[in-house]
Structure formats: structure tokens, C-alpha cells
Undergrad: 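Handing you a structure now.
Lettering follows sequence order; numbering is per chain, from 1.
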Protein chains: 2
Amino acid sequence: MNYTKTEENYLKAIFSLYNKENKEVSTNMIAEKLKTKPSSVTDMVKKLANKNLVKYEKYKGVTLTKKGNNIAINIIRNHRIWEVFLVEKLGYKWDEVHEIAEQLEHIKSDELIDRMAEFLDNPKFDPHGDPIPDKTGKFAERKKAVLLSEIGIKEKGIIVGVKNTSNDFLQYLEEKSLTLGKQIEVIKEFDFDKSRNLSIENKLITISKEVCNNLIVEKIIA
Amino acid sequence: MNYTKTEENYLKAIFSLYNKENKEVSTNMIAEKLKTKPSSVTDMVKKLANKNLVKYEKYKGVTLTKKGNNIAINIIRNHRIWEVFLVEKLGYKWDEVHEIAEQLEHIKSDELIDRMAEFLDNPKFDPHGDPIPDKTGKFAERKKAVLLSEIGIKEKGIIVGVKNTSNDFLQYLEEKSLTLGKQIEVIKEFDFDKSRNLSIENKLITISKEVCNNLIVEKIIA
DNA sequence: ATAAATTTTTAGATTAGTCTAAAAATTTAT
DNA sequence: ATAAATTTTTAGACTAATCTAAAAATTTAT
Ligand SMILES: [Mn+2]
Ligand SMILES: [Mn+2]
Ligand SMILES: [Mn+2]
Ligand SMILES: [Mn+2]
């Protein structure tokens, strides 16, 4: 079975929406995510249902079948492994790789991805801290990972991921040195707007509530 | 300007046919090369002509415009650079890379290919000995390159390329150790069928006329 | 120079993916 | 519970790329 790029992108979209909402994915949500029209989604979803990749009932939304889920996870594996390659081997910055990985993820060859993974020493996380599923589809777990907004004053953590992966946010973080692996300590929070002072690399910086809500850290139990 | 995978494949086919025949490329030839039907070729060729990528006159065949030529060369550059990557970095054999490179060559990002080339130390030839055009479209030249069938008895040469790149032929060569960089000496030729005895790595082997006609060697002027 | 064979083009259909506009179903508000 | 708003589906049309069958042009053979 070989699927088109479009089918794969639908499955990936349904996967990520389902895992955010934990319920049937609506036509409108898919349309918005894929920047297409709801009527197009209805058509495609019927096609995917015929191929047993999604479960679909009129007016009731869509979920992935086991088969559809496997395919989606595989594409995500491809995407993230390519992102690692682009950053680690070709020197791209983390905000420059997503669009190219969107293309590379559709290259059809399991052998290729296995060799790439091996070439890259079987990475468990991509340049944005997102877990890379293994060949069997299992995602690595980050222990004790919480949002920066969820840890208390005087507590320390290591940046291990971003919830929002937009290029704008990634570039902002780059500028503030808030990159993966960096250690931070929450110094204080301003009641006014819930912005926080952090200590990072011996410097003190202030970041907004927005930023705190989108940075994933691993708590350091002192 | 961004072209579809199909358009790119047509341009590449026209490029390679034109450079073999040195005259307008016929509808049937393109159809055969791309495993499609002549009527489909006519349609596509009209489209390419409208986009100024080919010069086309009804019943008179096709040639590439400067613009079409540039695009074709660029795809070939992509293809060959990816083949180098697959062999050098991922350990593929030279008969295993073509199909994957056929997919990878269509990834849209000039930046990516430039970085790949740099990562691979700007290779001038691909794993089959074919020259890789540089960014400006210039192909490297192999000096003194001739077919093995064209050098005389007692003469020596180094294998630098293959005229036929079918997997069957590549696998045959692999088995006989007739791989790029190997030195050979022509020991004798049998009048009966023009097969030849070669000395390679201190062993004596016999190869057919067919093989001689498809191996490119650089003559060693002793 | 005509006829036969071959090549190329045209005409009309098909499939994947998309769109707009309108109809139908569902959800939300009164 | 009815009406209003929203969501989803259907109907019909479009583009890219392909195909088959038939017509037209070109080339080759007699
Ligand atoms: Mn990405
Ligand atoms: Mn990522
Ligand atoms: Mn190749
Ligand atoms: Mn090659």
C-alpha cells in the first residue's frame, strides 16, 4: 500500500488534532489545519474511510484506525528524523527546517529512514524537543516534563521542548538563548501580567506569560 | 517559478535524449523514456512550450529552451548529489540509490542542495562516475575518457564511469570487482565474439563485448 | 508517385484533488 | 420548542496528468 502525499498529510493532521482534543476530529478543524475547504475535507475523508485509514460517520467527525494511526506516526518519524539531520549535519537553525522536512517526510523508503536514524545515532528527540517514534511507533517519554508556567518560584529546570513551534516563537527563543538543554531558574513572577524573571546563563531576563505557557522544561529536583 | 515533479521529469528526459541524439527529441522517444503514451507527451509538451521551457513545433519534435535546460541540469545536480550522499554517508551500494534519488531530486530548496554539496565536500562525480554540474550548471570533464572497447591490447586504464546504469549491469560489475577507481589492463581480445581478457587486481577475467561497450575508462599513458 | 506503415495529434474520458454555492443537519440561543 | 447560527455535506465545475481510439501528417517502400 502506497499513499499519496495528500493522504499522508490528512492522516498527520487528523493524528495531531485527535491527540490535542482527545475526541473525534471535525471537518472544519482539518480544513483549517490544512488550509483547505471543509468540502474538500469531506471528500478526502470519505476516500480515507474507504481505504480503512479513518473511521468516519457523517456529521460525527473522524478518528484514525489502527492502520491510519501507524501511517501517521511513520510520517512523523520521517519528519523529525529529517529535521535532526538538517540541524545536526547541515547546520540549519531550528526555525529553518520545518518546511523542508514537510517535503522530505514523504520520501517513500523505510530502508532510507532506518539508515538515516542509524547515521544520526538513533535520536530520540528532534531539534524542537519533540519525541521521535521508533520503528514500532513508540514515542520516547520525557520524565517530569512540565510547562515553564507550572513550576514555582526559586525552582530550576532544563528546557526540553516547545509547545508552539512557529518560526516566530523559535526565533524569539533563539535571540533570548532559551534553547534546548539550557538551565533556567524562576526568580520571581509579576502579579500584574504573570510575566516572570528567569536566571539563565547568569543573566536575568523577563519573559511573558505567553512564553511561559509554551516552553516545556524538566524540573530539577535540587 | 515552481514546477511540478512531472514537468521536471519531462525536462530531464528531454535533456538526456537531446544530449544523446543531438537533434530534436520525438514524442515517441519521450513516451518510451517516461513509460507514458505519446498522446500524453503531446499534451505535456504543449504545456511546457507555453511556459517557455521547450521549443515545440507540431510534428517536428522538441528542444529545451535555455530556461528549460537550466531546470533540467538543476534536477540532475540534485539527483547526483543525493546519490553521493546515499552511498558515501548511508552506505548504500551503487545499484541501490537511483530510485530513491528519483524522489529526492524533486525536493524544492536550492539552499538544501548547496548545503548537501558542501557537506559532501563538493563532489564532482556521482557514484556511477557521472559528472555533477555545479551551481552554475557547468559539468566537470573527464580527461581522456573512452570506452573500454576503444582501447588497445596491452593498454591500461582506470574505470571512471558506466554508460549503462541499469541495476543489472551495476550488480554484474560489483560481482566482478569492476568498480570505479579500479585499474585494468587489456590482455587480449577473442576474434570470435570480441570478448576480452582483462587483468584486474592480479586476477584474469573475461568480459563480453557488451560490457566493454558500457565501461568508461581513463587511459593510462604508461 | 502512390500506397503502406509509422508517428503524431486530436477528441473525449477518467482520476485525484480542489473550489464555490446551495442544501441539509446539527448546535446554540431565545 | 422554535428560530437563528453554525457546521457539514452535496452538487457541479475546474486543473493536472493520464489513457484509448480515431484522425491527420509524415516517412518509407514499392
Ligand atoms: Mn517540523
Ligand atoms: Mn520538529
Ligand atoms: Mn541515478
Ligand atoms: Mn548516477
Undergrad: Nearest to the side chain of B:Pro38, which nucleotide is it out of C:dT9, D:dT20, D:dT8?
TA: C:dT9
Undergrad: Would you call B:Asp114 and B:Arg77 a salt bridge, using N to O less than 4.0 angstrom?
TA: yes
Undergrad: Can you tell me which nucleotide in C:dT10, C:dT18, D:dT18 comes closest to the side chain of B:Ser40?
TA: D:dT18
Undergrad: Of all the nucleotides listed (C:dT10, C:dT8, D:dT10), which has the minimum atom distance to the side chain of B:Ser39?
TA: C:dT10
Undergrad: Whole Å only: how far is the NZ atom of B:Lys46 from the C1' atom of D:dT15?
TA: 16 Å
Undergrad: Rounded to the nearest Å, what distance is computed from the CD atom of residue B:Glu32 to the P atom of nucleotide C:dT6?
TA: 15 Å
Undergrad: How would you label the contact of A:Lys5 with the nucleic acid (heavy atoms, under 4.0 Å): base, sugar-phosphate, or nothing?
TA: nothing
Undergrad: Between A:Lys12 and A:Glu8, does any NZ, NE, NH1 or NH2 come within less than 4.0 Å of an OD or OE carboxylate oxygen?
TA: no
Undergrad: Using the side-chain heavy atoms of B:Thr6, tell me which of these nucleotides is nearest: D:dT18, C:dC19, C:dT9.
TA: D:dT18
Undergrad: Is any side-chain N or O of A:Tyr56 closer than 4.0 Å to OP1 or OP2 of D:dT8?
TA: no
Undergrad: Would you say C:dT6 has OP1 or OP2 under 4.0 Å from some side-chain N or O of B:Asn28?
TA: no
Undergrad: Provide the closest heavy-atom pair for A:Ile73 versus A:Gly137 in the form atom of the first, atom of the second, distance.
TA: CG2-CA, 3.8 Å
Undergrad: Counting only side-chain heavy atoms from C-beta out, which of C:dA24, C:dT9, C:dC19 sits nearest to A:Tyr59?
TA: C:dA24
Undergrad: Name the closest nucleotide to the A:Thr42 side chain, picking from D:dC19, D:dT8, C:dT8.
TA: D:dT8
Undergrad: Given the rule that a pair is Watson-Crick or G-U wobble with both distances under 3.5 Å, how would you write DNA chain D in dot-bracket, using | for pairs to a different strand?
TA: ||||||||||||||||||||||||||||||
